[in-house]
**Student:** 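Before I ask anything, here is the structure I am working with.
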Amino acid sequence: MNSDFIIYNTLTRTKEIFKPLVEGKVGLYVCGPTVYSDSHLGHARPNITFDLLFRYLTFLGYKVRYVRNITDVGHLEDEVEETGEDKISKKARLEQVEPMEVVQKYMNTFHHNMEQLNVLPPSIEPRASGHIIEQQLMIDSIVKNGFGYEANGSVYFDVEKYNQQYNYGKLSGRNLDDIKTNTRELDGQSEKKNSFDFALWKKASPEHIMRWPSKWSDGFPGWHLECSAMSTKYLGEQFDIHGGGMDLTFPHHECEIAQSTASLGHETVRYWMHNNMITIDGQKMARSLGNFITLQELFSGNHKLLKQAYSPMAIRFFILQAHYRSTIDFSNEALQASEKGLERLMNALKTLEELTTSEKSTIDISTPKEKCFAALNDDLNSPVAIAHLFDGVRMINSVKAGTEKISSTDLAELKSFYHSMVFDILGLKQEQTADSANNEILAGAVVLLIKLRNEAKANKDWATSDKIRNELNAIGVELKDTKEGVEWKLK
RNA sequence: GGUCUCUUGGCCGAGUGGCUAGGCAGCGGUCUGCAAAACCGUGUACGGCGGUUCGAAUCCGCCAGAGACCUCCA
């Protein structure tokens, strides 16, 4: 690549040329899910966005260490109850359910869903529960440096003191005075010096079952701490990119900066990247609004808002068709449009394998290619890259239709470009509809029926030929009469 | 209430001070026994009102509407 890769840095609010800390290597940390319930449509966004980043950086030749955590401690207790089928008494429930059971169950679901979406696994997937010691050590250094204080077995971060020396609010564009006047006063915060101080270590209440011993109390780490501790552990005291959803900017990422700075004396992250939200009818998806759709429901179509099932690839394509920093509004219409567009793109990839070549090309294949990469280099602009991919689709179809010609060298280049862009970078794949054994039997039967239909056609017995076509269509096999003969495929 | 963002053709969505993506849907045509697919042609959209400018949908102001964060959140 001869042009620079540019990314938007939330910290500076500008697009910056990406320069890794170490030549040829990239350290990438992304906030992963809290595994207390099924993964939902919202989880698809950051994971696909940063999967694209991971894939593209890799394609550019970087050796990427991608760390994405699993949050499996902290506020888990409350959430377990909220999944509430019915109101089993708290105590009974806590006695019956091992928290790690909940964690394991939803972590498995998450992994399965990510695989369906063709999201590559990260290089390291650390769990907060496995890094309690690292977190405790970090608390030690924060306290030692004077930015943390103990109160009644819990440890809090002293935001006001930190802000005297550093800038609390630099990422989210807030200043402490505003926060002071606008933070809601909540009950039970009396042990904190200020309401905006946040917990580094929380003493566990008697019924809280996830707890670890410490010199302060039996308790659990504060919810911002894991990312600071684990990113530093695996990527070093300074690393390239930290990603996550926009809703994490404040307070989560702001607190991460404060913790790391308070502990190490300097910031760790060079580029902050934030993906925007998915909305439904213009509103963020939330349990309380009743517009919450899990990935499982999306793939099966089993939800009142869904008119049909949507394949994982249709969801992936839908998300890639919007820029990651824009909100994207969910609707059946939009998803159906993506589904059809994806089909068109994937058909063109099959067509690419069947094209006949000519002496000279009448098309310029370098244009879509260059524009595609230019788009990705410009802050990962996947929608524009896809637009240029469709320009190429028109070329491919024109060659097939015979209105344009392509040389063998151009065809080879075009194939290689489409394979890299569509499969390796965008991470799309042809969907499998049946296993290969079934396919063989099915193919034999379909070929036989096509043969019978051809005989009927030869006799101008349109009733029979249409019947065969319609019946096959009804069970999911689509026939097309082309100049080269009859083509068929599973719908 | 505070901070911030957004408002693009039927739908989704890029982009940008003049050369005005793309997908889906629609319409007309070619092809076909018909259909499908494919191909060709077709839409001067940028919330409203002012201002700056030779020129703004793109910059500025005001108004209206929507949303995000401020509490767990992707």
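Note: hydrogens, waters and symmetry copies are ignored here, and every other heavy atom, side chains too, is used. Every chain is numbered from 1, with letters handed out A, B, ... down the list of sequences.
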**Student:** Would you say A:Ser382's side chain and A:Leu320's backbone share a donor-acceptor pair under 3.5 angstrom?
**Tutor:**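 Judged by distance alone, yes, a pair lies under 3.5 Å.
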**Student:** Mark up nucleotides 36-43 of chain B, 5' to 3', with B wherever a protein heavy atom is under 4.0 angstrom from a base atom, S wherever such an atom reaches only the sugar-phosphate, and - elsewhere.
**Tutor:** BSSSS---
**Student:** Could you check whether atom NE2 of A:His112 has more than 12 heavy atoms from other residues, nucleotides or ligands sitting under 6.0 Å from it?
**Tutor:**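 For A:His112, atom NE2 is not crowded (no more than 12 foreign heavy atoms under 6.0 Å).
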**Student:** Any chance you could list the contact pattern along nucleotides 8-13 of chain B? Use B for base contacts, S for sugar-phosphate-only contacts and - for none, protein heavy atoms under 4.0 Å, 5' to 3'.
**Tutor:** ---SSS
**Student:** Quantified in whole Å, what is the C1' atom distance between nucleotide B:C70 and nucleotide B:U58?
**Tutor:**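 Going atom to atom, C1' in each nucleotide, I get 31 Å.
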**Student:** So among A:Tyr56, A:Tyr271, A:Phe373, which one has a ring-ring contact (aromatic ring centres under 6.0 Å, His included) with A:Phe5?
**Tutor:**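 Between A:Phe5 and the candidates, ring-ring contact (aromatic ring centres under 6.0 Å, His included) is satisfied uniquely by A:Tyr56.
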**Student:** Would you indicate which nucleotide in B:C69, B:G33, B:C72 comes nearest to any side-chain atom of A:Lys284?
**Tutor:**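 Closest nucleotide among those given: B:C69.
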**Student:** Is the positively charged end of A:Arg325 above the ring of A:Tyr8, judged by distance under 6.0 angstrom from the centroid and angle within 45° of the axis?
**Tutor:**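 So A:Arg325 does make the cation-pi contact.
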**Student:** Does B:G61 have a Watson-Crick or wobble partner in any strand here, with both distances under 3.5 angstrom, and which is it?
**Tutor:**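 B:C49 is the nucleotide pairing with B:G61.
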**Student:** Could you tell me whether A:Arg127 and A:Asp72 have a side-chain N and a carboxylate O separated by less than 4.0 Å?
**Tutor:**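 Salt bridge between A:Arg127 and A:Asp72, a charged N being under 4.0 Å from a carboxylate O: yes.
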**Student:** Using a strict cut-off of less than 4.0 Å between a Lys/Arg side-chain nitrogen and an Asp/Glu carboxylate oxygen, indicate whether A:Asp481 and A:Lys457 qualify as a salt bridge.
**Tutor:**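 Judged by the 4.0 Å cut-off on N to carboxylate O distance, A:Asp481 and A:Lys457 do form a salt bridge.
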**Student:** Would A:Arg68 pass as a cation-pi partner of A:Tyr29, given that its NZ or CZ must be under 6.0 Å from the six-membered ring centre and within 45 degrees of the axis?
**Tutor:**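 Pair A:Arg68/A:Tyr29 does not count as cation-pi.
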**Student:** Counting only distance, no hydrogens or angles, is the base of B:C34 paired donor-acceptor with the side chain of A:Arg469 under 3.5 Å?
**Tutor:**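 Answer is yes: a donor-acceptor pair is held.
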**Student:** Would A:Trp462 count as stacking on B:G33 if stacking means ring centres less than 5.5 angstrom apart and planes tilted under 30 degrees?
**Tutor:**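 So yes, this residue stacks on that base, both cut-offs being met.
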